[in-house]
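Have a look at the structure below, then the notes.
Below, chains carry the letters A, B, ... as their sequence lines are ordered, and counting in each starts from 1.
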Protein chains: 2
Amino acid sequence: MNEQTSRRRATVHDVARAAGVSLATVDRVLNGRPGVRAATAEKVEQAIQSLGFSRDLNASLMARSRDLKVVFFIPDGSNEFMDSLAEAVARRQSQALADRMHLATRRIRALDAGTLAAGLDGLDPKACDCAVIVTSEEPEILEAVDNATRRGIAVMTLVSDLPGSARKHFIGIDNGAAGRTAASLLGRFLPQGGKIAVIAGSLHLRDHLDRLAGFRDVLAQDFPDLDIIGPFEGHDAPAETQALVAKLLAEHRDLGGIYNLGAGNAGLVAALEEAQRCQPLRVIAHELTAPTRAGLMAGSIDVVLDQNPDGEIREAIAAARAFALGTGRSLAADPIEIGIFLRDNLR
Amino acid sequence: MNEQTSRRRATVHDVARAAGVSLATVDRVLNGRPGVRAATAEKVEQAIQSLGFSRDLNASLMARSRDLKVVFFIPDGSNEFMDSLAEAVARRQSQALADRMHLATRRIRALDAGTLAAGLDGLDPKACDCAVIVTSEEPEILEAVDNATRRGIAVMTLVSDLPGSARKHFIGIDNGAAGRTAASLLGRFLPQGGKIAVIAGSLHLRDHLDRLAGFRDVLAQDFPDLDIIGPFEGHDAPAETQALVAKLLAEHRDLGGIYNLGAGNAGLVAALEEAQRCQPLRVIAHELTAPTRAGLMAGSIDVVLDQNPDGEIREAIAAARAFALGTGRSLAADPIEIGIFLRDNLR
DNA sequence: TAGGTCATGAGGCACGTACCTCAAACTTGA
DNA sequence: TCAAGTTTGAGGTACGTGCCTCATGACCTA
């Protein structure tokens, strides 16, 4: 029976009293308004520290009669995973609204760095507190991120990080761990050894390379009887991936497994269904979307590794609130958990 | 670029205007105070519906200068998983406080229905909005839950449900799916067929039975070459489990896998480390705790299925807020995702 | 018809913060 | 030393809700 002793949270009044200044001065310090001597500001900061004061975000938003605005820039195109990210944002809307947050989604043509950069540049700090972007590494975007940060907008990267930029936070899975997990599972699935084909979207994408590296590491270390064929590039395109898989299956009748670490899973499933093999083939793919879900149900895919879009959006929202509080610096950059799905635990 | 049109949330003022009554009357209806004719209350309800009004929980808590109080009753004893639930509550404290919530934890001697029932009976509705309990099915507790509900405390069950009671919500994994997943993985791990030993804590526990049933289903349907030895009861006790596993390993030199669907994993790991087998043994256990983590790292355990205590506590808190809003009825009782951990994706 | 009960309205204060105005106190430079 | 500027204090209003008091009017019953 160890109840916590509940001490009232410190308020701006407490801070003012502790610092020996007026409410107005505390307010000026808290909200970065001018007209406070450095020495006075220091007294206030000290009082804030010693009281452990943290602005009451909800009272603050209420007083401004204003929602906390977060804009998600999500690639548009044929990638189902990106759609599910956007859907996850939509699913959060009502709950976010109850917490005085407003989520907006902007779909950007995939890999269109110019439009994304322009979008970031066009954000008004008064109408947007936080931007969440999914992007590849482009100098143009790096600059736009730094500019937005300078204007007072907290920028966070989602799925794929933008190291070297002023982004406040990265939300995504550990892709190396995902690759290692795939190898670890396939290794156990094929105790007799054999050949595994590896398909990537592109060998220029950071997340795909990370997965590949993790996959290779574990295979080399723990399962030396397994050989990798590839990696091949399917460019995340269903048609191209389908042709690739069909050719692989025809040329390697003894193939033991396939690891598709990119997208284009509709093509993967189509090729597998067509190929009517007699001996079992163990297949691992990424992202729980309509095609992979169908593949799991039909038995053509054994395991799907998932980024958990809902979890990622939830983290992004939590981080946005943390930055609005000003406590963002203490945010741990711990990666999202990798979802592992079989036919038997589909959500 | 599809921004959402942001319409201001409806307030009590809007409701009053729409219903053609005063603020005081809306207040009386919203907070269940007496002195409103049924016909008038109906008008107010209609206005609430048509405006989609939902009380601003934070303003409400602020006005009452009161936190939303949630009490977690968590079993005490040797069970590491229960400890990690308590730790998950502790981890949420600071964030919850920022959202005007106060979390208290009470550790109850495991399976001590009397103390739990007394704890529920002793809750003051003014000091506690929501109780979250981990319990087995006992009539005594069922009655205490119904009583607490009658006094205005929302009760939620965690990990194991209490069907037939007035509990508002259940938070936990789908144990049938967990058992099916274990079978599906072991089936793929042992393509040659063989024998799998199954160990439960007790065959009187609902969650253990559910796991066992799921496991049996998938094995029978998809992997007929695998035979189950057991189930044996380890009573979630490390020493007993260790003896059991040691005996199993000695008597079945050709054992292909072990599924421990209960606790007592320290004993499982100890027995496995002692046994120095030559041929690989595939082992699946439940709950990511210190012993199972050690087993994964050492290679004695292949896969751990996890309830994800942090996720469960998060859900419990979200549900408590939903009930405080009065929107609890629309809460979907969708189960928490099952965490699947290999050495390669340990968090 | 008087006295009573009940339903409702009007309005105020509180919660913690933001943002505004006005006046007073202080500092600085010539 | 005085004028101009800067810094600070005091206090108000607002946000959306809860909770309280008081007044008014409607209705019922003796």
Given A:V145, A:V159, A:L120, A:L116, the one that forms side-chain contact (heavy atoms from CB on, under 4.5 Å) with A:T135: A:L116
If you measure from the Lys or Arg side-chain nitrogens to the Asp or Glu carboxylate oxygens, is any gap between [X] and [Y] under 4.0 Å?
{"X": "A:D14", "Y": "A:R8", "value": "yes"}
{"X": "B:D83", "Y": "B:R107", "value": "yes"}
{"X": "B:D146", "Y": "B:R167", "value": "no"}
{"X": "A:R321", "Y": "B:D99", "value": "yes"}

Sidechain-backbone polar pair: A:S84 side chain, A:F81 backbone, donor-acceptor under 3.5 Å: yes
Test item: B:L57 and B:M101 side chains (from C-beta on) under 4.5 Å apart, heavy atoms: no
Sequence-aligned protein contact record of nucleotides 7-23 of chain C, with B where the base is within under 4.0 Å of a protein heavy atom and S where only the sugar-phosphate is: SBBB----BBBSB----
Start and end of chain B contact along DNA chain D [non-hydrogen atoms, under 4.0 Å]: D:dG16 to D:dC19
